[in-house]
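Remarks on the structure that follows.
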Amino acid sequence: MVEATLEQIVYTYIAEHVDDEFDYDTEIFEEGFVNSLFAIQLMTFLEKEFAIKITMDDLDMENYKSVNAIGEFVRRWRERNVR
Amino acid sequence: MKALHDVLTQVEQFAAEELRPRAGEFEAQQEIPQDVIISLAKHGVLGATIPVEYGGLALDAIDYGNLTETVGKACNSVRELLTVHVSLVGESIKRWGSEEQKRYWLPRMATGEILAAFALTEPEVGSDAKGIGTSYRQEGNRFILNGRKKWISFGGIADLFLVFASRGEEMTAFLVESSMAGVSTTKMSNLLASSSSHLAEIHLQDVEVPLENVLSRVGGGFAYVVNTALDHGRYSIAWSGVAIAQEALDGMVTYGRTRKQGGRVICEYAEVQKMIADASANLHAARALCVAAGLKRRDKHPDAIIETTIAKYFSSKMAMKVATDAVQVFGGNGFSRDYPVERLFREAKVLEIIEGTSQVLQPVIAQHALRTCYRKGWWSEP
Ligand SMILES: Cc1cc2nc3c(=O)[nH]c(=O)nc-3n(C[C@H](O)[C@H](O)[C@H](O)COP(=O)(O)OP(=O)(O)OC[C@H]3O[C@@H](n4cnc5c(N)ncnc54)[C@H](O)[C@@H]3O)c2cc1C
C-alpha cells in the first residue's frame, strides 16, 4: 500500500467539510468554500495530524489558502523545527 | 503547586460558604466585592487554565468545566468573571500571544493583579461581529483606536480589555489598558440579571496603542482571535448552563420534598415528578455533551469546535427550561427573592444570547449535520 502524501491527507480532511469540487490549488477561504471558523479547526487538525505547533509567526493566511500551500507550510515548519 | 484535587475541593468549599449565600446580595449591591475577587485569586481560580510557567493552575478542559460548574452553581456573576477573564481573554493570550505578551499578562491575570474583559460587542453590532465600527489607523508603531463598545462584562472594573477594531475589511485584536489615555467606561444598569457583573460601555477616543499590544497579527482579529475566544467562551457557557440547571434541580427537589399541599409533599404529584424527571434527564444530556466536548478539547481534536457549539446550544436552552420549571415547582415562592430560583430563571436567559445566540448557532449546527449525515443512495426513489 502506498502511504498517503501530506497533500492527500489534507485534501481528504478538507473534502469532508466541503461539498463542491476543488483541487490542490483552489483557494478554499478566498473562494468561500469554508468559513473563517474553519481556519481554527483546520489548524487544530494540522497540529494533531502532523505533530506541529502553529504559533503567532505562522498565522499568515497564505499558509492555509490551498492544499498545496498547506503542504508546503507543514514541510517548511518541520524543516525549521528539526534543526 | 497544590494538588489539583485539593484546589477543586477548596474552591467547592469557598463557593458553598462565600459565594452561594451571598450571590443574591452581590446582585442587590450591583458588585462583586473586592474580598471575593481576592479570594478567587488566592484559590487559583483566576489562573485556572493558564499554564503553570505563567503562574496558573493549568487545568485541562474537563477540570475547568467542573470548576466552572462549581462556581456557576453558587454564583452566576462570579462565573461570568471566569468566562471573560479566563476563557475569552486568558485563552486568547495563551493561544495567540507572543512570548513577551504571555510573560507580561498571564502571571498578572493569574494573581488577579489584572482583571481582563472582552470587548467585541457595540451598540449597533452584536451577532454580525465582522461588522464592528470601532476603528483603528496606524501611525508608525502605534495604532489609534476610536469607537464604543457595549455590554462588556466586568468592563467597569477590568484593567485590561481585549478590544476588536477594524480598518476597512480588516479586523485586529488589541490589548488595551483601562489606564490608557482616551479610555473611559460607563456602568450599565437596570438589567434583567448580571447586575453584579460590572457590565459597562467602553469609550475609546483617540486611544494610542503600541504595536506590541496587538494580539496575534494585524488583520488576524477575526479569523484567529475572535474565533478562538468564542470557542472557549462557548465551552464555558455550556458548563454554565449545567451549573444553573443543577442548582435549579437541587432547588426543585428540595422544595418538592418539603412543601406540602393537599396533605402530601408536592413531589408525590405526578405532574411535579414529570418536571423533575425532564429536568434531570435533560441535565444529564447536557452534562454528557459538555464532557464529550471537554474530552475532545483535551485531546485537541478538530471536532472539538462543533461539539462545543452543540453543547453550548443545547445546554443554554436546557438551563432556561429547567429554571422555568423550577419557578413553576416553587409556585408563588418561585416569584420571590426570598428563594433563589427566580434569580436562576433570570440568569439562565443570557446563556442563550451570549457567545453566539441560539439562532446564530443553529445554521452552524445544521450545516454540520447536512454535511456529515448525508447518505448518498440510501434508498432508491420509487
Ligand atoms: C449580560 C450580558 C453580558 C455580555 N457580555 C459581553 C462581553 O463581555 N463582551 C462582549 O463583547 N459582548 C458581551 N455581550 C453582548 C452579547 O455578546 C450580544 O448581546 C450578543 O452577541 C447578541 O448581539 P446583540 O445583542 O447585538 O443582538 P443582535 O445581534 O441584534 O440579535 C437580535 C436578535 O436577532 C437574531 N439574529 C441576529 N443575527 C441573526 C442571524 N444572522 N440569523 C438569525 N438570527 C439572527 C438574534 O438571534 C437575536 O434573537 C453581553 C450581553 C449580555 C446580555
Side-chain angles (χ1 to χ4, degrees), chain A residues 4 6-22 26-67 69-71 73-74 76-78 80-81, chain B residues 91-102 129-130 169-173 212 214-232 234 296-309 355-356 360-361 363-365 367-374 376:
Chain A
L6 209 158
E7 280 79 5
Q8 279 165 340
I9 295 171
V10 172
Y11 182 88
T12 307
Y13 181 71
I14 295 173
E16 285 170 17
H17 297 84
V18 168
D19 286 332
D20 309 279
E21 297 280 311
F22 68 105
T26 308
E27 302 208 352
I28 53 169
F29 291 97
E30 189 65 26
E31 296 187 22
F33 283 71
V34 288
N35 62 23
S36 77
L37 188 57
F38 185 70
I40 300 288
Q41 190 177 332
L42 178 65
M43 284 177 191
T44 313
F45 169 77
L46 298 175
E47 288 186 326
K48 197 168 165 63
E49 184 68 31
F50 303 115
I52 64 173
K53 177 86 193 127
I54 296 171
T55 64
M56 218 190 81
D57 298 329
D58 307 314
L59 284 187
D60 195 338
M61 229 21 196
E62 284 289 303
N63 292 336
Y64 313 100
K65 67 178 182 184
S66 66
V67 172
I70 294 168
F73 162 68
V74 172
R76 265 201 322 274
W77 194 98
R78 282 173 166 171
R80 201 174 69 210
N81 288 277
Chain B
E91 291 286 352
S92 297
I93 297 178
K94 185 172 126 189
R95 183 68 180 98
W96 298 123
S98 64
E99 191 48 42
E100 294 73 49
Q101 287 171 337
K102 288 192 234 181
K130 275 187 182 153
E169 293 281 286
E170 178 185 274
M171 191 192 294
T172 299
E212 58 263 29
V214 168
L215 185 65
S216 107
R217 53 172 51 210
V218 174
F222 194 83
Y224 306 120
V225 189
V226 171
N227 280 329
T228 300
L230 293 185
D231 171 49
H232 283 282
R234 281 176 196 138
K296 285 232 159 58
R297 299 178 80 82
R298 191 161 75 179
D299 192 30
K300 304 211 184 316
H301 194 290
D303 284 353
I305 295 176
I306 186 68
E307 299 252 346
T308 298
T309 303
E355 328 302 10
V360 165
L361 299 184
V364 176
I365 298 169
Q367 285 304 323
H368 179 258
L370 285 167
R371 219 183 41 244
T372 54
C373 305
Y374 179 52
K376 234 180 197 159

Quick check on A/K48: does its NZ atom have over 12 non-hydrogen neighbours (other residues, nucleotides or ligands) under 6.0 Å away?
yes
Output the distance between atom CG (A/L37) and atom CD1 (B/I305), rounded to the nearest 0.5 Å.
5.0 Å
Closest non-hydrogen atom pair, B/W96 against A/I40:
CZ2-CD1, 4.0 Å
Contact origin within A/Y13 toward chain B - heavy atom pairs under 4.5 Å
side chain
Is it the backbone or the side chain of A/M61 that comes under 4.5 Å from a heavy atom of chain B, or both, or neither?
both
Salt-bridge test for B/R217 and A/D57: reply yes if a basic N is under 4.0 Å from a carboxylate O, no otherwise.
no
Ion pair A/E49/B/K300, N-O distance below 4.0 Å
no
So do A/H17 and B/R371 actually touch side chain to side chain, heavy atoms under 4.5 Å?
yes
Counting neighbours of CD on A/E21 that are heavy atoms of other residues, nucleotides or ligands and sit closer than 6.0 Å, is the number greater than 12?
no
Roughly how far, to the nearest 0.5 Å, is the CE atom of A/M43 from the CZ atom of B/R95?
7.5 Å
Chain A contact via B/D231 - side chain, backbone, both or neither, heavy atoms under 4.5 Å:
neither
Would you mind reporting whether B/I306 and A/Q41 have side-chain heavy atoms less than 4.5 Å apart?
no
Counting heavy-atom pairs closer than 4.5 Å to chain A, which one of B/D299, B/V226, B/L230 comes out on top?
B/D299
Relative to chain B, which of A/I54, A/L46, A/V18, A/N35 shows the most heavy atom pairs under 4.5 Å?
A/I54
How long is the straight-line distance from CZ of A/F45 back to CG of B/D303, given to the nearest 0.5 Å?
10.5 Å
